[in-house]
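In what follows, a structure is listed as structure tokens, so that the remarks can point back to it.
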Amino acid sequence: MSDQENIRKRKLKLIQSLGINPYPTNSIKINNNIKNILKNKKKLINDNKNLYIYGRIFNIRNIGKASFIDIKDYSDNKIQLYYNLNNLSTKKKNKKYFIYLFKKYLDIGDIIWIKGLLFITKMSEYTILIKNIKLLSKCLYPIPIIKKTTKKIYYQFNNIDKRYRMRYLDLILNPKIKNNFKIRFLIIKYIRNFLYKFNYIEVDTPILQKIPGGAYAKPFITYHNKFKKKIYLRISNELYLKKLIVGGFKGVFEFSRNFRNESIDKLHHPEFTILEIYIINKNYLWMMNFLQKLLIYICKKIFKTTIIKINKKIINFKKKIKIKKFYSIINKYSKLNINENTSIKTLKKICKNNKIKIKNYNKDKILDNIFNFFCKKKIKYPTYIIDYPIFMSPLAKSKTNNKKLVERFEFYINSIEIANAYTELNDPIEQYKRFKSQNKDKNIIDQDFLKALKIGLPPTVGIGIGIDRLIALLTNNLNIQEVIFFPQMK
RNA sequence: GACUUGGUAGCUCAGUCGGUAGAGCAUUACACUUUUAAUGUAAGGGUCCUGGGUUCGAUCCCCAGCCAGGUCACCA
């Protein structure tokens, strides 16, 4: 334990010896917050009524027998408090009490309650003259000091490792980070509002799954003691939502925490949030329009505009979103000439020529890598990629005019895949064939899902939207860990 | 998993071409009744990530490990 921590522990005991509970339980009277006080400062000065507020101490300046204290509350605004002995009760006992409390025992990080009046200092700063003060919570861990003016930051708390491991400190010290999470909350809130308007219902499906289906990824494996069986944390909820559509809902959605046992980077996290939406009697073209409307809605609600700056690029969600065909865009950027009939041999040759690593990949992965290599970084503005080959999309319905392509789109912004949508394959026999061609092992095939398809899935469109990525983009962060409260650390 | 950069005081960092370390803020003490990066004076605070090796001597050089960042691969 550091010296500074020991000093604080000693102070805690001294505070208790004054008869003060450093962690009181009483509910406290609060009649304002700092943001509101600053907003209505002129009126409040005229009113000359007592303000009851609380806040965490960020700075203390003792000048002789006077003191200035800066506090900040949940409204994330700071206000200066002032006291000198003349303002406090005239009783000598109390004077001593306050001197000790202010000068000796209060620290940066403490949470206090105060009663006081607003006034303006000689330096024209709106300040609260303290008439009474109570300690609400003593801070025993010395928090890093941030010093800055409007122009320059002198000291800061910016070590990524420490910020993520102690996110509570990060939130206290870095208002911008806190704001990211407020926006996260708002994005999810307004997506819900938007979907509720259509009477789609929000559902919960199993996180523990016997077969981790709906995607390809390494799952987290656990064990069910009663079943005496391995059980997996879901990598996707897709198959379950379709089962619900079979069950007769018009539209369902779930903010699904998915788990994939893969590595962490700017765009990947072992547990991440995907919004999955399934709607009957619609197809992927309808969904393109729907997604755009959703984005416009949340941007208008949160930012009051559809024009957002993302990674130095101005993006207007109201503009028509570009539509590019999967093979066309590859051919455009690579100057190749490939299509859905191109053989795996040719694709492998292309990879070899361009030094694209492919190990023992299947055709779908090879093609995905070719796309990533030539195209991904070039798709900066909102774009729908369509006309994916069937072998890359085992759960999507094929196009009527070309059975080798599917009714699917992926949505990209700033080179990041934000959403993936398709008209759902609802032919159970076709679905079985596709599963079988992908998995030789029959045990991995979700027979229950196939049974549901046999009973009958109405024409349905589904979409998965990477919520963490979307939030990162809309808050202009390049790393999703900035919008996940507690990223996984080793 | 591969490559690469970093780990020094509570925080942000400097530094030692190898002789066990500094700054600012924070902390402690004193002064100061309108400061706001308050100020002035003084003081305390470090296993220089861990373990080996080379060396008379390692925080520094070499090797291994741990943790983190970046790039790539896997995955959304």
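Letters go in sequence order (proteins before strands), and every chain restarts at 1. None of these values were measured; they are calculated from a predicted model.
- Looking at A:Tyr422 and A:Asn420, their side chains never bring a donor and an acceptor atom within 3.5 Å of each other.
- Within the nucleic acid shown, A:Phe58 has no heavy atom closer than 4.0 Å to any nucleic acid atom.
- You cannot call A:Phe68 stacked on the base of B:A38; the centres under 5.5 Å and planes under 30° rule is not satisfied.
- Judged by Watson-Crick or G-U wobble contacts below 3.5 Å, the nucleotide B:G45 has no partner.
- Within the nucleic acid shown, A:Ile7 comes within 4.0 Å of sugar-phosphate atoms alone, with no base atom in reach, counting heavy atoms only.
- Taking atom C1' on both B:C11 and B:G46, the two are 15 Å apart, rounded to the nearest angstrom.
- Nucleotides B:U59 and B:A14, compared at atom C1', are 14 Å apart to the nearest Å.
- Between A:Glu238 and A:Lys242 a salt bridge is recorded (basic side-chain N to carboxylate O distance below 4.0 Å).
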Notebook entry, point to check: Are A:Glu125 and A:Arg61 close enough, and set up right, to give a salt bridge (charged side-chain N to carboxylate O under 4.0 Å, His left out), and what steps lead you there?
Noted result: CA-CA 15 Å; A:Glu125 174 93 6; A:Arg61 295 178 294 282; over 6 Å; no
Next item on the list: Give the C-alpha distance, both sets of side-chain angles, the deciding distance and a yes or no for side chain to side chain donor-acceptor pair (under 3.5 Å) between A:Tyr82 and A:Gln80.
Entry: CA-CA 7 Å; A:Tyr82 171 75; A:Gln80 177 173 262; over 6 Å; no
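- Between A:Thr121 and A:Ile358, the residue anchored nearer the 5' end of RNA chain B, judged by the nucleotide with its closest heavy atom, is A:Thr121.
- No engagement by A:Arg8 is indicated, since no non-hydrogen atom pair under 4.0 Å with the nucleic acid exists.
- Using cut-offs of 30° and 60° for the angle between ring planes, the A:Phe411 and A:Tyr384 rings count as tilted.
- Using a 4.0 Å cut-off, some side-chain N or O of A:Arg61 falls inside it from OP1 or OP2 of B:A38.
- Residue A:Lys11 is in sugar-phosphate contact alone, with no base atom involved, counting any heavy-atom pair closer than 4.0 Å across all strands shown.
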Margin query: Walk along nucleotides 67-72 of chain B from 5' to 3' and tag each nucleotide B, S or - by protein heavy-atom contact under 4.0 Å, base first, then sugar-phosphate.
Written below: SSSSSS
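- Between A:Phe374 and A:Tyr333, the shortest heavy-atom distance links the atoms O-CB, 3.5 Å.
- Within 4.0 Å (heavy atoms only), A:Glu417 reaches sugar-phosphate atoms of the nucleic acid but no base atom.
- Note that CG of A:Leu294 and CD1 of A:Ile277 are 6.5 Å apart. Values are rounded to the nearest 0.5 Å.
- Using N1 to N3 plus N6-O4 or O6-N4 for Watson-Crick, or N1-O2 and O6-N3 for G-U wobble, each under 3.5 Å, B:A23 pairs with B:U12.
- B:U16 and B:C62: their P atoms are spaced 16 Å apart (whole Å).
- A:Tyr141 comes within 4.0 angstrom of no nucleic acid atom, judged by non-hydrogen atoms across all strands.
- Within the shown strands, B:G40 is the pairing partner of B:C30 under the Watson-Crick or G-U definition, both distances less than 3.5 Å.
- Of the C1' atoms belonging to B:C74 and B:C61, the separation is 37 Å, rounded to the nearest Å.
- Residue A:Asn59 places at least one side-chain N or O under 4.0 Å from the OP1 or OP2 atom of B:A38.
- Nucleic acid contact for A:Asn372: none, since no nucleic acid atom lies under 4.0 Å from a heavy atom of the residue.
- Between A:Phe181 and A:Phe485, the angle of the ring planes stays under 30°, which puts this pair in the parallel group of the 30/60° scheme.
- Regarding contacts with the backbone of B:C74, a side-chain N or O of A:Tyr361 is found under 4.0 angstrom from either OP1 or OP2.
- An OP1 or OP2 oxygen of B:U12 is reached within less than 4.0 angstrom by a side-chain nitrogen or oxygen of A:Lys162.
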Are there any protein N/O atoms within less than 3.5 Å of an N/O atom in nucleotides 49-51 of chain B, and if so, which ones and at what distance?
none

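- The distance from atom CD of A:Glu407 to atom OG of A:Ser393, rounded to the nearest 0.5 Å, is 11.5 Å.
- A parallel orientation is assigned to the rings of A:Phe290 and A:Trp286, their planes being inclined by less than 30° (bins at 30° and 60°).
- The base-pairing partner of B:C61, taking Watson-Crick or G-U wobble contacts with both distances under 3.5 Å, is B:G53.
- The stretch residues 106-122 of chain A participates, sequence neighbours left out, in these side-chain hydrogen bond (donor to acceptor under 3.5 Å, both in side chains) pairs: A:Lys11-A:Asp107, A:Asp107-A:Lys138, A:Asp110-A:Lys138.
- Under the Watson-Crick or G-U wobble criterion, with both distances below 3.5 Å, B:A68 is paired with B:U5.
- Between B:C48 and B:A37, the distance separating the two C1' atoms is 28 Å to the nearest Å.
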